[in-house]
Participant: 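One structure coming up, written as structure tokens, with questions to follow.
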Amino acid sequence: MRSLNYDVVVVGGGHAGCEAASAAARMGQKTLLITMSLDRIGQMSCNPAIGGTAKGHLVKEIDALGGEMGAAIDECGIQFRMLNKSKGPAIWSSRAQADMEKYRLHMRKVLEQTRNLDLLQDTVSSLLLEENKVLGIKTGLEQTIHAKCVVLTTGTFLNGLIHIGEKRITSGRVGEPASLELAEALKLYGFQVGRMKTGTTPRLDARTIDFSQLEKQDSDPDFTPFSMKTNSLPTDLVSCYITHTNEKTHDVIRSHMHLSPLYSGVITGIGPRYCPSIEDKVVKFPDKISHQIFIEPEGLGTHEIYPNGISTSLPLHVQEQFLRTIKGFENVVLMKPGYAIEYDFVQPTELHPSLETKKIQNLYLAGQINGTTGYEEAAAQGLLAGINAARKASNKSPFILSRTESYIGVLIDDLTTLGTNEPYRMFTSRAENRLKLREDNATQRLTPYGYELGLISEELYQKHSKKLEQLELERSHIKKVWLNPTPELNQTLLEANLPVVSTNISLEAYLRRPEVNARILKDVGLLHCLDLDVLRRLEIEVKYDGYIRREEAQCDKRKHLDHIWIPENLDFCSVSGLSKEVVEKLRKHNPSTLGQASRISGITPAAVTLLMTVINQRLSQNCTL
């Protein structure tokens, strides 16, 4: 007989739920993952890819903390590429195509093999509450399940409504029912609930696409895995392709715009600014004669294709018509229609930085319920919510990541401090310290935390420590070694397509030159480390040393405010000197730290100083008592 008492209950089996349940269970808490369909655990509901600009950073950070997403995509990837290589290293971002079916099965297997974790197929109708504290959940099958903490990761299922032309279907995802009772319950509990919209593309039959007309794109030959756990990547890889819409495509869409629920007034939810539908692109960019379509296979065992860039909610016959105007798609056959989906979300200013709700103790929210879009953003929140639910269940203080040390910190701080009125997507431009927060040093920044939390094994931690030792050895080596302009050395450099030296120069100063590559220095015997990941990090840190130091100095100035907590019982009206506007904003956002308060629009440095004075006075009084 299944026990109905748990330390942590996670609701939802998407990317946020998987990370939350795995983390809580591996931290020693008796955990339950409850989802509508066990067969859809880890489902990639939209595009068959993990990573991308800034999203790759999130996946690396999830892995550095001990999460599952990085290892899963390394295992199930069918193409691997580094994006933005023509630009600076701060925005280099890893991206991989996934075998969607393999990914889903892999994630379920991981969860089934996790100690302290049970899986249950059921729906959740409401929460068990006592005053302002959650005590568990009630299910659609009338089970009562008690828990110390509950994590909601409901994705697009809260009051979900699918649109295909004039057709409307109450659903959280095609073929799956929406969560209606829980959506209404959250409103009754007093949460500020809004409405958002996202969409997906039609799926195409690869056998009906003329790939000979399209631009081919293959994997990078020297891709660094997402995960510390990965020793080698799959070798059975595929190509992606690129095509474009054209004026004929846009004409078909314009002539049927009255049938689009986006423009007929049927859809009220706000869609993602940075991932618009093809209807939005045609209307908002009327002078653009074409839009890129990235053609992504959905797996090795299927002919299904995801044409990234043309999400739509137009009627099926219109989708077929405009698709066949596109180069390579002249005879294409649709396997699934594209659609838009509206769903409820909770304004994330309702949350503490731990992702615990302010209204109800021991209740955590993660993923699209917080107004975000994307697998990676959801997984990052799920991991942090799972960690903090586990810590709360064992009476430990919350684990908070600063925006100065991680993209996950930027994500959560943006959400909980500023809130969002449109689906939030992570970009490198959101991070003030993006040169410091690179993909290549994610383990250096976060793995010690993962180890302390119990999510990084001793073996992995030693592997991480060994890489740091190799990096320090090479840093020391390049400072000590000097290159003398001998004929023999310059001949070696010329043969390696490296610049010759005309005077004595340290190896560190030589590596600082833009045309010098650390890997080539290794090939000619001037560097000793064989680990390409270490060599890449060494080269970046040497070439950008001055910029990195400047960012670190700026971080130090900001960081101390994020560690000054505002007492929960502080009445902002009682703080002498605060303007009425500042008090209103502080009461609305209810920031947890001075750092959060300083980032609220309209909160002046003088107001932050006043708050700091009041907090210090309280601390002094408590110490005296």
Side-chain angles (χ1 to χ4, degrees), residues 8-25 31-51 55 58-59 62 67-70 72-73 76 98 100-112 114 117 119-124 137 150-160 162 171-179 182-183 196 198-200 272 298 341-346 348 355 364-386 389 411 415 423-426:
V8 177
V9 168
V10 178
V11 180
H15 302 283
C18 289
E19 296 291 353
S22 172
T31 304
L32 173 69
L33 172 64
I34 180 169
T35 182
M36 288 184 178
S37 173
L38 292 179
D39 294 331
R40 295 293 189 97
I41 283 176
Q43 177 76 16
M44 302 178 106
S45 304
C46 196
N47 65 307
I50 296 291
K55 294 170 177 282
L58 289 174
V59 180
I62 290 166
E68 300 292 349
M69 180 172 269
I73 188 57
C76 306
M100 298 175 75
E101 180 74 0
K102 187 176 179 182
Y103 188 97
R104 179 181 62 78
L105 293 173
H106 171 90
M107 194 59 78
R108 176 168 177 174
K109 181 179 179 182
V110 166
L111 295 182
E112 286 182 339
T114 299
L117 178 59
L119 306 179
L120 174 64
Q121 183 167 296
D122 200 346
T123 60
V124 174
I137 59 170
V150 173
V151 183
L152 297 184
T153 69
T154 50
T156 59
F157 281 75
L158 284 179
N159 206 14
I162 283 177
S171 180
R173 186 165 52 201
V174 165
E176 297 178 74
S179 178
L182 184 57
M196 283 190 177
T198 190
T200 190
E298 294 201 348
I341 182 168
E342 288 186 284
Y343 57 94
D344 287 352
F345 80 103
V346 174
L355 298 182
Y364 296 78
L365 309 183
Q368 284 177 285
I369 191 174
N370 291 339
T372 60
T373 181
Y375 307 146
E376 303 82 4
E377 290 88 344
Q381 294 171 73
L383 178 61
L384 265 290
L411 167 69
L415 292 171
Y424 178 102
R425 178 178 177 178
M426 179 52 68

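All values below come from the heavy atoms of this structure, side chains included, with hydrogens, waters and symmetry mates left out.
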Participant: List the residues meeting salt bridge (Lys or Arg N to Asp or Glu O under 4.0 Å) with E377, not counting sequence neighbours, and say none if there are none.
Facilitator: K55
Participant: Would a 4.5 Å heavy-atom cut-off, applied to side chains only, mark D39 and R108 as touching?
Facilitator: yes
Participant: Using side-chain hydrogen bond (donor to acceptor under 3.5 Å, both in side chains) as the criterion, list what pairs up with T200, not counting sequence neighbours.
Facilitator: R203
Participant: Taking only residues two or more places apart in sequence, or in another chain, which ones meet Q381 in a side-chain hydrogen bond (donor to acceptor under 3.5 Å, both in side chains)?
Facilitator: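 Partners of Q381 under the side-chain hydrogen bond (donor to acceptor under 3.5 Å, both in side chains) test: N370, T372.
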Participant: Got a sec, which residues hit side chain to side chain contact (heavy atoms under 4.5 Å, CB included) with A23, two or more places apart in sequence or on another chain?
Facilitator: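 A23 satisfies side chain to side chain contact (heavy atoms under 4.5 Å, CB included) with L383, I387, L455 only.
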Participant: Without placing hydrogens or testing angles, list every side-chain donor-acceptor pair under 3.5 Å for residues 40-49, not counting sequence neighbours.
Facilitator:
{"unit_1": "R40", "atom_1": "NH1", "unit_2": "E176", "atom_2": "OE2", "d": "2.6"}
{"unit_1": "S45", "atom_1": "OG", "unit_2": "R173", "atom_2": "NH1", "d": "2.7"}

Participant: Applying side-chain hydrogen bond (donor to acceptor under 3.5 Å, both in side chains), name anything that partners Y375, two or more places apart in sequence or on another chain.
Facilitator: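 Y375: no side-chain hydrogen bond (donor to acceptor under 3.5 Å, both in side chains) contacts found.
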Participant: Taking only residues two or more places apart in sequence, or in another chain, which ones meet S171 in a side chain to side chain contact (heavy atoms under 4.5 Å, CB included)?
Facilitator: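 With sequence neighbours excluded, S171 shows a side chain to side chain contact (heavy atoms under 4.5 Å, CB included) to I162, I169, given in chain and number order.
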Participant: Does R104 pair with E101 as a salt bridge, N-O distance under 4.0 Å?
Facilitator: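 Yes.
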Participant: Listed by chain and number, what are the side chain to side chain contact (heavy atoms under 4.5 Å, CB included) partners of A20, not counting sequence neighbours?
Facilitator: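 Per chain and number, A20 pairs via side chain to side chain contact (heavy atoms under 4.5 Å, CB included) with V10, V151.
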Participant: With sequence neighbours excluded, what pairs up with E342 under the side-chain hydrogen bond (donor to acceptor under 3.5 Å, both in side chains) test?
Facilitator: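 Partners of E342 by the side-chain hydrogen bond (donor to acceptor under 3.5 Å, both in side chains) criterion, ordered by chain and then number, come out as H163, T268.
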Participant: Mind checking side chain to side chain contact (heavy atoms under 4.5 Å, CB included) for S22 and listing every partner two or more places apart, or none if nothing turns up?
Facilitator: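 Only R26, E68, L111 meet the side chain to side chain contact (heavy atoms under 4.5 Å, CB included) criterion with S22.
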